Q: 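One structure, pasted below without further comment.
These numbers come from a predicted model, not from an experiment. Side chains are part of it too, since the values below use all heavy atoms of this structure and drop only hydrogens, waters and symmetry mates. Atoms within a ligand are numbered from 1 in the order they appear, just like the ligands themselves. Along the sequence shown, residues are numbered consecutively beginning with 1.
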Amino acid sequence: MIRAIYPGSFDPVTLGHLDIIRRASQTVDELIVGVLNNGGKTPLFTIEERVGMLKEVAEGIPNVKIMSFSGLLVDFARQLEATVIVRGLRAISDFEYELQMAQTNHKMNPQVDTMFLATSLEYSYLSSTIVKEVAFFGGNIREFVPEPVIGRVHEKVREKTGK
Ligand code: PNS
């Protein structure tokens with residue numbers, strides 16, 4: 001039985017994330033999407049909002065669970081008895097940081113290995129940061145995020161900018 005964690009900030013979840021969730025869930029027995037709740041970054045969405053959106057968009061996938069975590073990813077993995085970390089790789093620019101993280105995590109918890117999935121071509125340019133940038137400047141984000149997330153992003157932008 002392989003239990004894997006797909007960790008991230010998911011601020012907000014994009015179509016690229018959802019694609020990785022779908023594909024990873026087909027290769028492992030159980031996939032836990034771990035939403036980072038660390039104090040350092042100031043996300044646009046609260047942890048509850050990010051978890052809520054992920055639950056909504058991943059609802060139909062039977063072996064996927066959404067959980068939040070704080071602290072070290074390897075401790076979360078240990079706690080859940082997960083042995084695989086899933087990460088999507090978009091471009092060569094992702095590789096250096098991802099390799100460093102994978103190697104550090106394996107050093108800290110040798111029970112855990114990182115499995116990289118190549119991002120599908122149609123989402124290779126996409127990131128949560130780009131989505132927020134487009135939304136803040138009034139652009140259309142329909143091609144970037146799952147349908148239920150579109151309104152939430154616009155709502156949040158209105159809240160922050162008063163427009
Ligand atoms: O979506 P992101 O922001 O690229 O995800 C980064 C994430 C959450 C995978 C990474 O920051 C992480 O695992 N943070 C938890 C703290 C930790 O374990 N840091 C050491 C990694 S070497």
Q: Going through the checks in order, is the side chain to side chain contact (heavy atoms under 4.5 Å, CB included) test met by F69 and L36?
A: CA-CA 5 Å; F69 77 101; L36 181 68; 3.7 Å; yes

Q: Using a 3.5 Å cut-off on N or O atoms only, is R87 in polar contact with ligand 1?
A: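 Right, the criterion is met.
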
Q: Got a salt bridge between R78 and D75, using NZ or NE/NH1/NH2 to carboxylate O under 4.0 Å?
A: yes

Q: Determine if the distance from atom 12 (C) of ligand 1 to the closest protein heavy atom is below 4.0 Å.
A: no

Q: Run the side chain to side chain contact (heavy atoms under 4.5 Å, CB included) test on R142 and E147 for me, step by step, so that the C-alpha distance in whole Å, both residues' side-chain angles and the decisive distance to 0.1 Å come before the verdict.
A: CA-CA 7 Å; R142 194 158 287 278; E147 173 70 30; 3.2 Å; yes

Q: At a 4.0 Å threshold, what atoms of ligand 1 neighbour a non-hydrogen atom of G71?
A: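 Selected atoms, number and element: 15 (C), 16 (C).
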
Q: Take E49 and L44 through the side chain to side chain contact (heavy atoms under 4.5 Å, CB included) test and state the conclusion after the steps.
A: CA-CA 10 Å; E49 289 168 331; L44 181 62; over 6 Å; no

Q: Report the nearest protein non-hydrogen atom to atom 22 (S) of ligand 1: residue, atom name, distance rounded to 0.1 Å.
A: M101 CG, 3.6 Å

Q: Which residue and atom name correspond to the protein heavy atom nearest atom 20 (C) of ligand 1, and how close is it?
A: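 For atom 20 (C) of ligand 1, the nearest protein heavy atom is L72 CD2, 4.1 Å.
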
Q: I'd like to know if K156 pairs up with E159 as an ion pair, taking the criterion as any Lys NZ or Arg NE/NH1/NH2 lying under 4.0 Å from an Asp or Glu carboxylate oxygen.
A: yes

Q: Just to confirm my output: which protein heavy-atom neighbour is closest to atom 18 (O) of ligand 1, and how far is it?
A: L73 N, 2.8 Å

Q: I want to confirm something. Looking only at heavy atoms, which of T104, N105, N109 is nearest to atom 21 (C) of ligand 1?
A: N105

Q: Atom CG in L73, atom CE in M108: separation rounded to 0.5 Å?
A: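 Answer for the CG-CE pair, L73 versus M108, is 8.0 Å.
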
Q: What I want to know is whether S9 and ligand 1 share at least one N or O pair that is separated by under 3.5 angstrom.
A: yes

Q: Residue-level breakdown please: for L36 versus ligand 1, do any non-hydrogen atoms fall below 4.0 Å on the side chain, on the backbone, on both, or on neither?
A: side chain

Q: Locate the shortest heavy-atom distance separating P12 from V145; write the atom from each residue and the value.
A: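 Minimum heavy-atom contact is CG-CG1, 4.4 Å.
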
Q: Judging by distance only, is a nitrogen or oxygen of G8 under 3.5 angstrom from one on ligand 1?
A: no

